[in-house]
Amino acid sequence: QVQLEESGGGLVQAGGSLRLSCAASGLSFNAYSMGWFRQAPGKEREFVGVISASGSRISYADSVKGRSTISRDNAKKTVYLQMNSLKPEDTAVYYCAASIYVSGRIDSYDYNYWGQGTQVTVSS
């Protein structure tokens, strides 16, 4: 059974930082690209970033580019999302997801497995 478990969310002041983690089990982690998505109240889920299966290719949404870093540790089967200079508009539930498309995709429909999400709240 595949499980993706996010952690590291919480309440932070604007300008602060958070590091989200997503631990995977039940899948060949290094065969999947890993994406991060977020969903704010009343809004659709949106792409945040993705890292390829090998870790050699990383893409970010314009809204977080320059403030966020995605990395992965295939030995630990974990992917990370480091977010800096957080803004109130970054407030959302953050999800990690795994895709069999090794190069990485931005469309949520291309993802096979999803975590339950972790809440990030940025106060002004």
Side-chain angles (χ1 to χ4, degrees):
Q1 182 180 359
V2 175
Q3 287 189 319
L4 302 177
E5 184 172 359
E6 302 94 338
S7 60
L11 174 64
V12 63
Q13 289 188 332
S17 298
L18 280 176
R19 188 195 196 202
L20 305 184
S21 300
C22 172
S25 61
L27 77 170
S28 298
F29 185 72
N30 58 6
Y32 288 80
S33 62
M34 298 297 297
W36 285 97
F37 292 78
R38 67 186 182 186
Q39 187 166 19
K43 295 187 177 181
E44 293 187 352
R45 189 172 298 187
E46 67 171 355
F47 169 78
V48 174
V50 59
I51 185 168
S52 64
S54 67
S56 62
R57 185 177 301 180
I58 303 173
S59 298
Y60 300 96
D62 288 343
S63 57
V64 303
K65 193 176 296 182
R67 303 188 293 120
S68 298
T69 302
I70 296 176
S71 60
R72 64 189 294 161
D73 185 333
N74 284 350
K76 294 183 178 180
K77 295 188 176 182
T78 301
V79 62
Y80 306 96
L81 174 63
Q82 174 71 43
M83 298 188 295
N84 303 320
S85 303
L86 283 162
K87 306 174 182 179
E89 50 263 45
D90 293 318
T91 295
V93 177
Y94 283 72
Y95 300 88
C96 70
S99 171
I100 60 171
Y101 295 101
V102 297
S103 61
R105 299 292 179 94
I106 65 173
D107 193 327
S108 61
Y109 292 104
D110 289 326
Y111 286 79
N112 307 93
Y113 304 105
W114 291 83
Q116 293 298 308
T118 185
Q119 177 70 47
V120 171
T121 303
V122 184
S123 63
S124 57

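Atom set for the values below is all heavy atoms of this structure, side chains included, hydrogens, waters and symmetry mates excluded. Heads up: numbering here begins at 1 and tracks the sequence.
- For the atom pair Ser7 OG and Arg19 CZ, the distance stands at 9.5 Å (nearest 0.5 Å).
- Hydrophobic clustering (side-chain heavy atoms under 4.5 Å, transitive across Ile, Leu, Val, Met, Phe, Trp, Tyr) keeps Val48 apart from Val93.
- No donor-acceptor distance shorter than 3.5 angstrom exists from the side chain of Tyr95 to the backbone of Gln39, with no hydrogens or angles considered.
- Put simply, CD on Glu5 and OG on Ser21 are 10.5 Å apart, with the number rounded to the nearest 0.5 Å.
- The NZ atom of Lys77 sits 8.0 Å away from atom CG of Asn30, with the distance rounded to the nearest 0.5 Å.
- Side chain of Thr78 to backbone of Lys76: a donor-acceptor contact under 3.5 angstrom is found.
- Annotation: side chain of Met34 is in contact with side chain of Leu4 (closest heavy-atom distance under 4.5 Å).
- Scanning all heavy atoms of the two residues, the minimum distance from Ala40 to Ala92 falls at N-CB, 3.8 Å.
- In this pair, Trp114 and Phe37 present their aromatic rings tilted. The plane angle is within the 30 to 60° band.
- Cluster membership for Tyr101 and Ile51, using ILVMFWY side-chain heavy atoms within less than 4.5 angstrom, is shared.
- When hydrophobic clusters are built by joining Ile, Leu, Val, Met, Phe, Trp and Tyr residues whose side-chain heavy atoms come closer than 4.5 Å, directly or via intermediates, Trp36 is not grouped with Tyr111.
- Counting non-hydrogen atoms of neighbouring residues, nucleotides and ligands closer than 6.0 angstrom, the CG atom of Leu27 exceeds 12 such neighbours.
- Between Gly26 and Val2, the closest heavy-atom pair is O-CG2, 3.4 Å.
- A salt bridge does not link Lys87 with Asp90: every distance from a Lys NZ or Arg NE/NH1/NH2 to an Asp or Glu carboxylate oxygen is 4.0 Å or more.
- Counting non-hydrogen atoms of neighbouring residues, nucleotides and ligands closer than 6.0 angstrom, the CD atom of Gln116 reaches no more than 12 such neighbours.
- To the nearest 0.5 Å, atom OH of residue Tyr80 and atom CG of residue Asp73 are 5.0 Å apart.
- Contact annotation: the side chain of Tyr32 never approaches that of Val79 to less than 4.5 Å [non-hydrogen atoms, C-beta and beyond].
- Counting heavy atoms from C-beta outward, Ser103 and Arg57 have side chains that approach closer than 4.5 Å.
- Here the side chain of Asp110 pairs no donor or acceptor atom with the backbone of Ser99 at under 3.5 angstrom.
- Listed for the Glu6 side chain is a donor-acceptor partner under 3.5 Å among the backbone atoms of Gly117.
- By the 4.5 Å heavy-atom criterion applied to side chains, Phe47 and Asp107 are not counted as neighbours.
- Arg72 places a side-chain N or O within donor-acceptor distance of the main-chain N or O of Ser52, the cut-off being under 3.5 Å.
- Annotation: the span from Leu20 atom CG to Ser68 atom OG amounts to 9.0 Å, rounded to 0.5 Å.
- With values rounded to the nearest 0.5 angstrom, Gln119 atom CD is found 7.0 Å from Thr91 atom OG1.
- A continuous path of Ile, Leu, Val, Met, Phe, Trp and Tyr side chains, each step under 4.5 Å between heavy atoms, connects Ile70 with Leu86, placing both in one hydrophobic cluster.
- Side-chain contact check for Arg38 versus Val120: every heavy-atom pair is 4.5 Å or farther apart.
- Contact check for Gln82 versus Ser17: side-chain heavy atoms found under the 4.5 Å cut-off.
- Residues Phe29 and Val50 do not share a hydrophobic cluster, clusters being chains of Ile/Leu/Val/Met/Phe/Trp/Tyr side chains in contact below 4.5 Å.
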